[in-house]
Amino acid sequence: MSLTFKQVVDEVLADSFAEAKRSSAKSWVQARHALLWDHADWTFKYGTDTITVTAGSAAVGSVAADLGSVIALYNSDGEQLRAIRDHREFYESYNANLSDTGEPEAFTVIGGQVIVGPVSSVTRSDWLMVYKKRKPTLSADGDATGIPDGYDVALIHGGKAEGYKLSNIPLWQAFDQNYLYYIKVMEGQYLNELDGAQDTFGGAYRPDVRSY
């Protein structure tokens with residue numbers, strides 16, 4: 001079971017800093033969490049979600065709360081919708097304010113809202129979205145790190161390293177090395193989930209190619 005934000009901060013303070021430093025310790029952990037999350041294109045940053053399209057609406061429903069960016073969107077028949085990055089191009093082709101409806105064939109994302117075009121003429125709850133997760137926010141005590149079980153201990157080492165460094169205490173170097181060691185091991189475990197596999201079809205899903 002992964003550690004919560006509070007559990008990580010508690011361990012950063014343990015035998016190292018006074019309770020009065022808790023607010024600072026939170027910022028240290030948040031900084032190291034951001035660095036680790038953005039360090040690589042980790043496989044655990046990707047996910048799938050079953051979404052809903054509703055007749056008469058261009059907005060997709062039941063979207064994952066941790067949606068960062070959409071990689072691909074598939075309808076009930078497994079057909080992939082076309083991703084349109086340019087919002088102007090999308091609305092020139094599929095004006096969501098018009099009454100014209102049909103089977104959606106394209107999508108765009110505006111302010112985190114997934115919009116399909118044309119306005120859907122069908123209601124379906126079995127569409128599939130492949131997406132990249134946004135970095136979890138570490139704020140409340142119970143917030144999860146989103147890092148695989150066991151490896152979130154890296155944040156303890158990273159938090160202590162950050163605190164010691166800012167306090168001009170040489171111990172930061174040892175803890176920083178531990179933090180970097182966890183990341184190095186993660187690079188061998190979470191950068192590819194298809195060991196030895198090769199792409200055999202041109203249209204196969206590849207995590208390094210983003211549709212949106």
Is it the case that the side chains of E162 and Y179 hold a donor-acceptor pair, with the cut-off being a distance below 3.5 Å and no angle test?
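No, because no side-chain N or O of Y179 sits under 3.5 Å from a partner of the opposite role on E162.
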Take a 6.0 Å sphere around CG of D15 and say whether it holds more than 12 heavy atoms from other residues, nucleotides or ligands.
no
Does NZ belonging to K133 count more than 12 external heavy atoms closer than 6.0 Å?
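Yes, because the 6.0 Å sphere around NZ of K133 holds more than 12 heavy atoms from other groups.
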Mind checking the [atom1]-[atom2] spacing from [X] to [Y]? Nearest 0.5 Å is all I need.
X	Y	atom1	atom2	answer
T108	Q113	OG1	CD	11.0 Å
I156	Q7	CD1	CD	9.0 Å
W127	S76	CH2	OG	6.5 Å
L13	K21	CG	NZ	10.5 Å
I147	H33	CD1	NE2	4.5 Å
I169	S16	CD1	OG	8.5 Å

Exercise: identify the closest heavy-atom pair between [X] and [Y]:
X	Y	value
S167	F17	OG-CE2, 4.2 Å
A59	I115	CA-CD1, 4.1 Å
A161	R32	CB-NH2, 3.8 Å
T52	S62	OG1-OG, 3.5 Å
P148	S2	C-OG, 4.2 Å
E105	Y94	OE2-OH, 2.5 Å

With the side chain counted from C-beta on, respond yes when [X] and [Y] share a heavy-atom pair under 4.5 Å apart, and no when they do not.
X	Y	result
L191	W42	yes
I110	Y91	yes
D10	R22	yes
D41	Y46	yes
R82	F107	no
F5	K26	yes
V114	L67	yes
L36	I183	yes

Picking from V130, V53, I51, what satisfies side-chain contact (heavy atoms from CB on, under 4.5 Å) with L73?
I51
Fit a plane to each ring of Y151 and Y190, take the angle between them on a 0 to 90° scale, and name the class: parallel (under 30°), tilted (30 to 60°) or perpendicular (over 60°).
perpendicular
Counting N and O atoms only, with roles assigned by atom type, does the side chain of [X] sit under 3.5 Å from a partner on the main chain of [Y], one being a donor and the other an acceptor?
X	Y	result
H157	V12	no
S121	T101	no
K160	E11	yes

Charged N to carboxylate O under 4.0 angstrom, [X] versus [Y]?
X	Y	result
D66	K45	no
K6	D143	no
D126	R124	no

Under 4.5 Å between side-chain heavy atoms, counting indirect links through other Ile/Leu/Val/Met/Phe/Trp/Tyr residues: same cluster for L128 and V122 or not?
no
Taking a hydrophobic cluster as the set of Ile, Leu, Val, Met, Phe, Trp and Tyr residues connected by side-chain heavy atoms closer than 4.5 Å, whether directly or through intermediates, do Y182 and L35 fall within one such cluster?
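Yes.
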When the ring centroid of W37 is compared with that of F44, is the distance short of 6.0 Å?
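Yes, ring centres under 6.0 Å apart.
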From CA spacing to verdict: side chain to side chain contact (heavy atoms under 4.5 Å, CB included), T4, D141:
CA-CA 7 Å; T4 65; D141 286 348; over 6 Å; no
